[in-house]
Amino acid sequence: MQTSSVIPNAIAAGFHALSEPLRIKVLELLRERELCVCDLCETLGVSQSKLSFHLKTLKEAGLVTSRQEGRWIYYSLNIPQFAVLEQYLAEYRCLSNFLPARPCQDS
């Protein structure tokens, strides 16, 4: 695993973004196609201000991208960032043979 602080920060931001049910619902909707903020608000039954907060979190985590067309902003999944999180978790699958802790010494 890389030692750069950028990778752990990206991992932490990604999992933080995935820790909120509304953000999960947004991602589920975006699995099918790119969507406008107005469509997301209507489908999820939330205000634009509430949704904007969550979209900002998803965008800062790199999980979604946005593009503006006229006065509308469209969101879509950023698949490469999901691959980063998936790779991080995959590294734990091969930890079946880890070393036990060294015995502690009384001082």
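Because the structure is a prediction, the values reported are computed rather than measured. Values reported hereafter were calculated over all heavy atoms of this structure, with side chains retained and with hydrogens, waters and symmetry mates removed.
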Results of salt bridge (Lys or Arg N to Asp or Glu O under 4.0 Å) for Glu86 - residues two or more places apart only: none
Does any part of the side chain of Tyr75, heavy atoms only, come nearer than 4.5 Å to the side chain of Leu58, both counted from C-beta? no
Would you say Leu89 and Phe15 make side-chain contact, with heavy atoms under 4.5 Å? yes
Which of Gln81, His54, Lys59 passes side-chain contact (heavy atoms from CB on, under 4.5 Å) with Val64? Answer is Lys59
When hydrophobic residues are tied together by side-chain contacts of less than 4.5 Å, even through go-betweens, does Leu30 share a cluster with Tyr74? no
Below 3.5 Å, can you tabulate the donor-acceptor pairs from side chains in residues 34-42 to any protein atom, sequence neighbours excluded?
from  : atom 1 : to    : atom 2 : distance (Å)
Glu34 : OE1    : Arg67 : NE     : 3.4
Glu34 : OE1    : Arg67 : NH2    : 2.8
Glu34 : OE2    : Arg67 : NE     : 2.8

Any side-chain heavy-atom pair of Thr57 and Arg23 under 4.5 Å: yes
Step-by-step salt bridge (charged side-chain N to carboxylate O under 4.0 Å, His left out) determination, Arg31 to Glu28: CA-CA 5 Å; Arg31 286 176 74 167; Glu28 290 293 322; 3.4 Å; yes
Over all atoms of both residues, closest heavy-atom pair of Leu18 and Ile24: O-CD1, 3.3 Å
Look up atom NE2 in His16 and atom CD1 in Ile11, then write down how far apart they are to the nearest 0.5 Å. 15.0 Å
Quick check: closest heavy atoms across Asn78 and Gly62, and the distance to 0.1 Å? ND2-O, 2.7 Å
Do Leu22 and Lys50 come within less than 4.5 Å of each other through their side chains, counting heavy atoms only? yes
Find out whether Leu63 and Leu77 are in side-chain contact, i.e. whether some heavy atom of one side chain is under 4.5 Å from a heavy atom of the other. no
So, the side chain of Glu69 versus the backbone of Arg71: is there a donor-acceptor pair under 3.5 Å, distance only? no
Taking all heavy atoms of Leu85 and all of Ala10, pick out the closest pair and write down the distance. CD2-O, 4.4 Å
Those residues at least two apart in sequence (or on a different chain) that pass salt bridge (Lys or Arg N to Asp or Glu O under 4.0 Å) with Glu60 are Lys56
